[in-house]
There are 2 protein chains.
Amino acid sequence: MTPVSPGSVPAVPAAPAVAVSPAAANLPTLRGHNAALVLDLLRAAGEAGASRSELAEGTGLTPQAVSKITARLRDAGLVAQAGHRPSTGGKPRTLWRLVRDARHAVGLHLDRDEVTAVLVDLLGGVVAAHRAPFDLGAPCRAVVDAAAGAVRALPAGPGRGGRPLGVGVACPGPLDHRTGVLRRVTGFPHWDGHPLRDSLSRRLGLPVVLDKDTNAAALGLALRGGEGGGDASFAYLHLGTGLGAGLVLDGVLYRGRRTGAGEFGHQVVQLDGPECGCGDRGCLEALCLAAVARGDAAGAARVLGTGAAGLAGLLDVDRVVLGGRTVLADPEPYRAGVERELAARAARTDGRAVPVSVAPGGTRLVARGAAHLVLAPLFGRLEPGTRPEDLG
Amino acid sequence: MTPVSPGSVPAVPAAPAVAVSPAAANLPTLRGHNAALVLDLLRAAGEAGASRSELAEGTGLTPQAVSKITARLRDAGLVAQAGHRPSTGGKPRTLWRLVRDARHAVGLHLDRDEVTAVLVDLLGGVVAAHRAPFDLGAPCRAVVDAAAGAVRALPAGPGRGGRPLGVGVACPGPLDHRTGVLRRVTGFPHWDGHPLRDSLSRRLGLPVVLDKDTNAAALGLALRGGEGGGDASFAYLHLGTGLGAGLVLDGVLYRGRRTGAGEFGHQVVQLDGPECGCGDRGCLEALCLAAVARGDAAGAARVLGTGAAGLAGLLDVDRVVLGGRTVLADPEPYRAGVERELAARAARTDGRAVPVSVAPGGTRLVARGAAHLVLAPLFGRLEPGTRPEDLG
DNA sequence: CCACTTTGGCAACAGCGTTGCGGAAGTGCA
DNA sequence: TGCACTTCCGCAACGCTGTTGCCAAAGTGG
């Protein structure tokens with residue numbers, strides 16, 4: 001809605017005022033929706049580009065409508081022609097592609113002990129990165145300073161991109177994405193109630209979007225070309241200090257009303273089992289971390305796989321993606337163990353086994369995903385934020 | 001898309017041809033979307049009605065746009081004026097309400113041992129009902145006959161409603177909603193691969209939509225005025241012959257790609273626990289049904305509550321609704337037991353406890369929900385099917 | 001009776017995707 | 001080399017959307 005006005009008031013994306021459940025649509029909405037569809041197809045096509053008729057086929061728009069839309073996007077500098085396809089007996093198709101550096105976004109991953117900042121272009125490619133030690137347990141003021149410093153350490157975006165569209169911030173939950181306020185971050189109770197999004201937005205003079213690290217990672221995976229990118233629904237399971245999940249359902253990041261969705265680690269898999277830090281007994285996380293602690297990756301994977309199988313049944317996901325420090329340190333036993341449990345479940349229900357993969361992107365996965373919190377709305381893949389209709 | 005052409009070819013709702021991910025929008029789409037918004041508000045307002053400015057406020061449309069839309073809907077016979085609100089110092093507001101019997105839909109619940117058919121009006125009210133013994137284990141041909149007979153036993157809709165918009169069919173899973181084909185229904189393997197939707201549609205000469213009983217129930221609850229109706233996300237837990245769930249997430253019925261979502265009973269809550277019919281060990285369903293069998297409702301409720309707490313955390317739902325024959329036979333111990341577990345979880349995470357309620361609607365809940373499979377698209381609450389733009 | 005408030009329809013309008021059509025730019029055969 | 005054919009794609013006219021400006025209608029309150 002509110003256009004990002006460079007160099008003026010820090011334009012925080014308008015939180016949806018009243019929950020006008022599904023919003024009314026008018027002509028600008030329509031235009032923005034279709035433009036986002038076209039942009040999203042071009043994003044998926046990447047450097048290869050796509051032709052007018054392919055875009056028409058993929059969106060359902062008429063070729064003429066695609067022509068008008070691409071012309072507008074060209075005038076806005078977001079797309080450009082990129083050669084032609086070989087002729088098939090007639091005039092060859094003109095290819096269009098996204099202009100990588102037309103816009104940029106910053107992704108910021110605040111982890112417990114380090115901060116990662118990346119500058120990404122429209123295609124999600126990392127243009128610059130910065131990593132530094134960090135202490136999420138320090139006083140809020142110092143942490144906000146350090147976070148802002150990490151963003152400022154990135155070079156100013158080159159070319160027309162200049163000023164980034166905004167900053168996506170990912171950090172451990174619980175937190176409220178809609179208000180941008182942290183809750184009682186596990187281990188660091190002093191964050192409870194701190195409006196991190198607004199603090200950072202004021203400090204940087206840029207729009208800021210806040211979300212959980214697992215959600216950012218899942219969003220990044222949903223927008224990738226490769227594995228996980230083509231799946232309408234998948235679960236990203238993150239095993240590190242704790243055990244959490246990011247859910248993409250029917251192509252949309254699912255957060256739940258209070259950004260609480262994805263609390264995967266505190267499902268009970270062993271009634272009256274060993275006590276967990278949360279106060280319950282027999283939680284997935286407790287069993288899994290205990291196995292990790294005694295070096296039993298296979299055992300941890302079995303427990304993780306049991307939880308994954310339950311989740312796969314409950315949500316009928318197309319894929320399970322594993323990530324987090326513990327998994328990335330030695331992925332194969334986890335992948336194989338979870339795969340075995342999912343295959344066993346498939347055999348019982350005689351359905352196809354849900355495929356498992358290890359998250360690509362390494363230690364930058366979350367930071368890149370955080371940048372997508374800002375970029376995704378351009379492509380109609382996330383509700384609030386900058387839409388194509390704001391860019392003309 | 002395809003208008004329902006009364007009295008011609010059985011118009012089965014067009015299955016989305018190619019997965020044109022999010023569909024392109026044009027002016028008719030826009031018009032239909034906004035009309036659905038207005039209809040949905042009027043549906044929620046019920047007999048009380050709503051005024052032009054209230055509709056404008058609720059949808060985000062301008063009052064003038066609402067005027068145009070209500071005029072079109074009036075010409076189509078879907079809405080009518082219903083008095084005025086008291087003046088607040090100016091011209092009093094004109095109230096509009098849905099015309100109850102402008103259209104009707106049939107809901108059909110095929111349970112293992114009985115069939116329930118209901119004829120409902122636009123507001124979801126039951127106009128006529130029919131119930132009969134039934135055997136889902138009989139040969140397919142006989143079952144289709146019996147199902148068609150139950151529909152024909154309903155009186156032809158009065159007034160302009162005349163011919164129903166379509167028939168929503170709910171039955172035990174697994175099945176594929178998109179293709180309308182049953183899979184290996186537990187206990188009745190001979191259904192595997194039977195295109196029940198198309199069989200019934202040909203037999204009745206009406207559009208048919210097929211879904212799982214739990215999904216139909218959840219949809220019906222989502223469209224109710226009362227409890228569960230106002231919640232964006234909730235889980236309906238159904239305890240009867242088995243244990244399943246229907247999920248409404250962010251206001252939308254979530255099915256998963258292969259209509260497999262909601263398999264709630266086969267989550268493991270007791271590693272290496274007692275064997276379950278599915279072949280796994282320690283499933284929620286096995287433990288729960290065992291407790292029920294030995295008359296231990298409190299124990300069953302505790303197990304159910306453990307599963308509900310896990311689900312509430314994973315999906316951050318706003319409410320849990322309990323239903324199914326076992327629960328309805330004696331609701332209180334189940335409600336109280338599940339509530340206790342959810343309260344315990346809330347205390348651990350210091351959040352608010354997720355409220356629990358028992359499904360209203362009694363033995364017709366599923367059949368009414370099935371009718372909503374046909375009605376919901378009119379109100380923009382379910383994707384395919386008859387949209388307002390087909391009615392003018 | 002009159003000033004004021006509030007509702008809501010009429011008419012003009014900008015802008016969306018659609019349709020009809022024709023020129024541009026290739027291929028392939030004579 | 002020339003010509004018929006195929007395919008792509010932009011111009012122009014069009015129908016229809018929600019929006020805006022305006023004014024009549026229908027109440028209240030002094």
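The chains referred to below are lettered A, B, ... by the order of the sequence lines, with proteins before strands, and numbering in each begins at 1. Values in this document were obtained by computation on a predicted structure and should not be read as measured data.
- Across all strands, Arg93(B) comes closer than 4.0 Å only to sugar-phosphate atoms, never to a base (heavy-atom distances).
- For Ser67(A), whose side chain is taken as the heavy atoms from C-beta onward, the closest listed nucleotide among dG10(D), dG27(D), dC16(C) is dG10(D).
- Taking atom CG on Leu55(B) and atom C1' on dG9(C), their separation rounds to 16 Å, with Å as the unit.
- To the nearest angstrom, C1' of dG15(D) lies 14 Å from CG of Leu30(B).
- The Lys91(A) side chain lies nearest to dT7(D) when the options are dT18(C), dT7(D), dA26(D).
- Per the geometry, CG belonging to Leu95(B) stands 17 Å off P belonging to dA26(D), to the nearest Å.
- The CH2-P distance, from Trp96(B) to dT7(C), rounds to 16 Å in whole Å.
- Counting to the nearest Å, the C1' atom of dA25(D) and the NE2 atom of His84(B) are 12 Å from each other.
- The base of dG9(C) is paired with the side chain of Gln64(B) by a donor and an acceptor separated by under 3.5 Å.
- Listed candidates were dT17(D), dT7(C), dC10(C). Nearest to the side chain of Ser53(B) is dT7(C).
- Between Leu219(A) and Leu373(A) the shortest side-chain heavy-atom distance falls below 4.5 Å.
- The shortest non-hydrogen separation linking Ala25(B) to His33(A) is CB-CD2, 3.8 Å.
- The residue from Leu42(B), Leu55(B), Thr59(B) that alone fulfils the side chain to side chain contact (heavy atoms under 4.5 Å, CB included) condition with Leu37(B) is Thr59(B).
- The residue Thr94(B) sits close only to the backbone: its heavy atoms come under 4.0 Å of sugar-phosphate atoms, none of a base.
- Dashed line: the shortest gap from a side-chain N or O of Asn34(B) to OP1 or OP2 of dG18(D) is under 4.0 Å.
- The interatomic distance linking Arg72(A) (CZ) with dA14(C) (C1') rounds to 13 Å, in whole Å.
- Tested against His177(B) for a side chain to side chain contact (heavy atoms under 4.5 Å, CB included), the candidates Val209(B), Asn215(B), Leu210(B) yield a single pass: Val209(B).
- Closest to the side chain of Arg52(A), out of dT19(D), dG15(D), dG10(D), is dG10(D).
- Not one side-chain nitrogen or oxygen of Arg74(A) sits closer than 4.0 Å to the OP1 or OP2 atom of dG10(D).
- A donor-acceptor distance shorter than 3.5 angstrom exists from the side chain of Arg368(B) to the backbone of Gly124(B), with no hydrogens or angles considered.
- For Asn26(B), whose side chain is taken as the heavy atoms from C-beta onward, the closest listed nucleotide among dA25(C), dG18(D), dT18(C) is dT18(C).
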Hey, mind stepping through Asp318(B) and Arg258(A) against salt bridge (Lys or Arg N to Asp or Glu O under 4.0 Å) and telling me if it holds? CA-CA 9 Å; Asp318(B) 302 318; Arg258(A) 288 166 297 278; 3.6 Å; yes
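- Rounding to whole angstrom units, CZ of residue Arg31(A) and P of dG18(D) are separated by 18 Å.
- At the heavy-atom level, Pro63(B) lies nowhere under 4.0 Å from the strands shown.
- Regarding Gln81(A), its CD atom lies at a distance of 14 Å from the C1' atom of dA25(C), rounded to whole Å.
- If you check dG18(D), dA25(C), dC16(C) against the side chain of Pro92(A), the one that comes closest is dA25(C).
- With the nearest nucleotide of DNA chain D identified for both Lys68(A) and Ala25(A), Lys68(A) has the one nearer the 5' end.
- The phosphate of dT19(D) (OP1 or OP2) has a side-chain N or O of Thr62(B) nearer than 4.0 angstrom.
- In the set dG15(C), dG26(C), dT19(C), dG26(C) carries the atom at the smallest distance from any side-chain atom of Ser87(A).
- With the nearest nucleotide of DNA chain C identified for both Leu27(B) and Thr70(B), Thr70(B) has the one nearer the 5' end.
- Among the protein residues, Arg85(B) comes within range of no part of the nucleic acid, since none of its heavy atoms lies under 4.0 Å from any strand.
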